[in-house]
Amino acid sequence: MRRLNGLFEYKGWPVIGAVLLFLASVIVYHHTNLYTAQEAVAFGTLFLALITAITAYSSQQQTKYMREEVKFMRRPQLSIHHESLEDGGGWLVFENTGQVPIEATIRISLAPTSDTEASDLILDDNLSYDELPEEMKVYEGGAGDWRGTTEFLEPGQKQKYVIGMFGHEMASREDDYGLEDFHWVRFDGELTSTLSEDDTRDFQRLFQYSIDDSNVIFSSYSFEEARSRE
């Protein structure tokens, strides 16, 4: 709200300026008689109208910015992260971190970082999920079907899955799969506020997954950052 308060304070300066100018005109009239009483009254009426107009404009702007702030605060939000357990492994977590209930449609694809051609495709955020090769999409291995899983989450609610499902998925694909091998895990989907179906947002997230001495590595990357590392 600091950004909005600054805007409101800025909008108040014209009002202060108008009042000071009016007071200055009264002082000038009182000490110099440069204009008549009727002119002073007209001058005062003009400044009163100016102050009223500025106040009305400031009120409209305040209402506008408040609506934008409320809309921003009520946008659908989804956190994707890993929660570890003491004995290793852990959970893949989808958490509603916003203030409104959401419907999240989630699609997952995988590719080994060692496969340059596959990495180039999965790291291309200009490619939609539908444009990715079928062999990258998670739906028939050990992780289940993630071609369009839907989650309904209340604010603060989490949905958890065993994160080891990625290892089962890759083991079903690769005969020489090793736990320490690094893979790109990409999430594509849509978030919709259940309070307003018109408020739907697409999302893409990228992570790198591996196992290091029973500890899960699940690191978030921007697509640009990931491409620069290749």
Side-chain angles (χ1 to χ4, degrees), residues 1 3-4 63-85 89-111 118 121-170 172-173 183-209 216-226:
M1 295 295 292
R3 174 174 60 89
L4 296 181
T63 300
K64 174 184 174 182
Y65 287 117
M66 286 297 293
R67 286 175 178 169
E68 290 179 352
E69 185 73 9
V70 169
K71 183 178 180 181
F72 177 80
M73 294 296 292
R74 292 173 68 86
R75 74 195 190 282
Q77 300 181 67
L78 180 70
S79 170
I80 303 174
H81 58 272
H82 166 241
E83 289 186 359
S84 60
L85 298 174
W91 305 103
L92 170 66
V93 180
F94 300 102
E95 180 181 2
N96 181 352
T97 53
Q99 298 183 3
V100 295
I102 62 171
E103 175 184 345
T105 301
I106 303 164
R107 305 173 185 89
I108 303 179
S109 49
L110 292 169
L121 291 172
I122 204 168
L123 299 182
D124 187 349
D125 51 337
N126 291 316
L127 290 179
S128 69
Y129 173 83
D130 292 336
E131 294 174 305
L132 294 175
E134 286 298 310
E135 59 268 21
M136 290 186 183
K137 299 174 182 178
V138 177
Y139 66 92
E140 61 180 4
D145 192 340
W146 284 91
R147 289 175 295 183
T149 297
T150 300
E151 303 286 359
F152 294 91
L153 299 172
E154 295 293 327
Q157 184 180 356
K158 299 179 181 181
Q159 180 62 52
K160 299 182 179 182
Y161 295 87
V162 177
I163 200 166
M165 70 180 187
F166 294 133
H168 294 302
E169 176 72 22
M170 291 177 287
S172 69
R173 298 183 183 188
H183 286 72
W184 294 116
V185 184
R186 171 170 160 171
F187 298 83
D188 293 81
E190 300 85 39
L191 300 178
T192 302
S193 166
T194 59
L195 301 181
S196 174
E197 294 184 358
D198 294 333
D199 193 357
T200 298
R201 304 166 186 266
D202 296 332
F203 71 87
Q204 290 179 319
R205 310 279 175 80
L206 184 69
F207 296 84
Q208 196 174 76
Y209 173 88
V216 172
I217 299 172
F218 193 65
S219 304
S220 176
Y221 285 86
S222 69
F223 284 84
E224 182 178 0
E225 179 187 11

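This structure is a prediction, so every number in the text was calculated from the model and none was measured. In what follows, every heavy atom counts, from backbone to side chain, and hydrogens, waters and symmetry copies are set aside.
In terms of the side chain to side chain donor-acceptor pair (under 3.5 Å) criterion, residue partners of Ser79 (sequence neighbours excluded) are, by chain and number, His81. Partners of Ser84 under the side chain to side chain contact (heavy atoms under 4.5 Å, CB included) rule, at least two apart in sequence or in another chain, are His82. By the side chain to side chain donor-acceptor pair (under 3.5 Å) test, Arg173 is found to be paired with Glu169, residues two or more places apart in sequence or in another chain being considered. Every residue two or more places apart in sequence or in another chain that forms a side chain to side chain donor-acceptor pair (under 3.5 Å) with Glu134 is listed here: Lys137. Residues meeting the side chain to side chain donor-acceptor pair (under 3.5 Å) test with His168, sequence neighbours left out: none. Under the side chain to side chain contact (heavy atoms under 4.5 Å, CB included) criterion, Pro133 pairs with Leu121, Glu135, Met136, sequence neighbours left out. Under the rule for a salt bridge (Lys or Arg N to Asp or Glu O under 4.0 Å), Glu224 has no partner lying at least two apart in sequence or in another chain. Under the ring pair (Phe, Tyr, Trp, His ring centres under 6.0 Å) criterion, Phe218 pairs with Phe207, sequence neighbours left out. Under the side chain to side chain contact (heavy atoms under 4.5 Å, CB included) criterion, Glu140 pairs with no residue at all, not counting sequence neighbours.
Counting all heavy atoms, side chain and backbone alike, Gly167 lies closest to Tyr209 at N-OH, 3.9 Å. Between Phe223 and Leu123, the shortest heavy-atom distance links the atoms CD2-O, 3.4 Å. Heavy atoms only, all atoms of each residue included: Val100 and Ser193 are closest at CG2-OG, 3.8 Å.
Atoms CD1 and CG, from Ile102 and Leu191 in turn, are 5.5 Å apart once rounded to the nearest 0.5 Å. Rounding to the nearest 0.5 angstrom, the gap separating the CD atom in Gln77 from the CG atom in Leu153 is 13.0 Å. How far CZ of Arg75 is from CZ of Arg201: 6.5 Å, rounded to the nearest 0.5 Å.
You'll find the side chain of Ser128 stays beyond 4.5 Å of the side chain of Asp188, heavy atoms only. Contact annotation: the side chain of Ile106 approaches that of Phe203 to within less than 4.5 Å [non-hydrogen atoms, C-beta and beyond]. No side-chain heavy atom of Ile108 sits less than 4.5 Å from a side-chain heavy atom of Tyr139. Residues Tyr129 and Arg147 are in side-chain contact: their nearest non-hydrogen atoms beyond the backbone lie under 4.5 Å apart. Counting heavy atoms from C-beta on, the side chains of Phe187 and Leu78 never come closer than 4.5 Å. At a threshold of 4.5 Å between non-hydrogen side-chain atoms, the residues Pro155 and Pro101 count as touching.
Note on residues 122-131: pairs passing salt bridge (Lys or Arg N to Asp or Glu O under 4.0 Å), not counting sequence neighbours, are Asp125-Arg227. Each salt bridge (Lys or Arg N to Asp or Glu O under 4.0 Å) pair with one or both residues in residues 90-107, not counting sequence neighbours, appears once here: Arg107-Glu190.
When each of Ile80, Leu110, Leu92 is paired with Val185, the side-chain contact (heavy atoms from CB on, under 4.5 Å) condition holds for Leu110 and for no other.
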Derivation and outcome, side chain to side chain contact (heavy atoms under 4.5 Å, CB included), residues Lys158 and Phe94: CA-CA 6 Å; Lys158 299 179 181 181; Phe94 300 102; over 6 Å; no
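Judged purely by atom type and a 3.5 angstrom limit, Arg186 uses its side chain to pair as donor or acceptor with the backbone of Ile122.
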Please set out all donor-acceptor pairs under 3.5 angstrom arising from side-chain atoms of residues 159-166, sequence neighbours excluded.
{"from": "Lys160", "atom 1": "NZ", "to": "Glu83", "atom 2": "OE1", "distance (Å)": "3.1"}
{"from": "Tyr161", "atom 1": "OH", "to": "Glu151", "atom 2": "OE2", "distance (Å)": "2.3"}

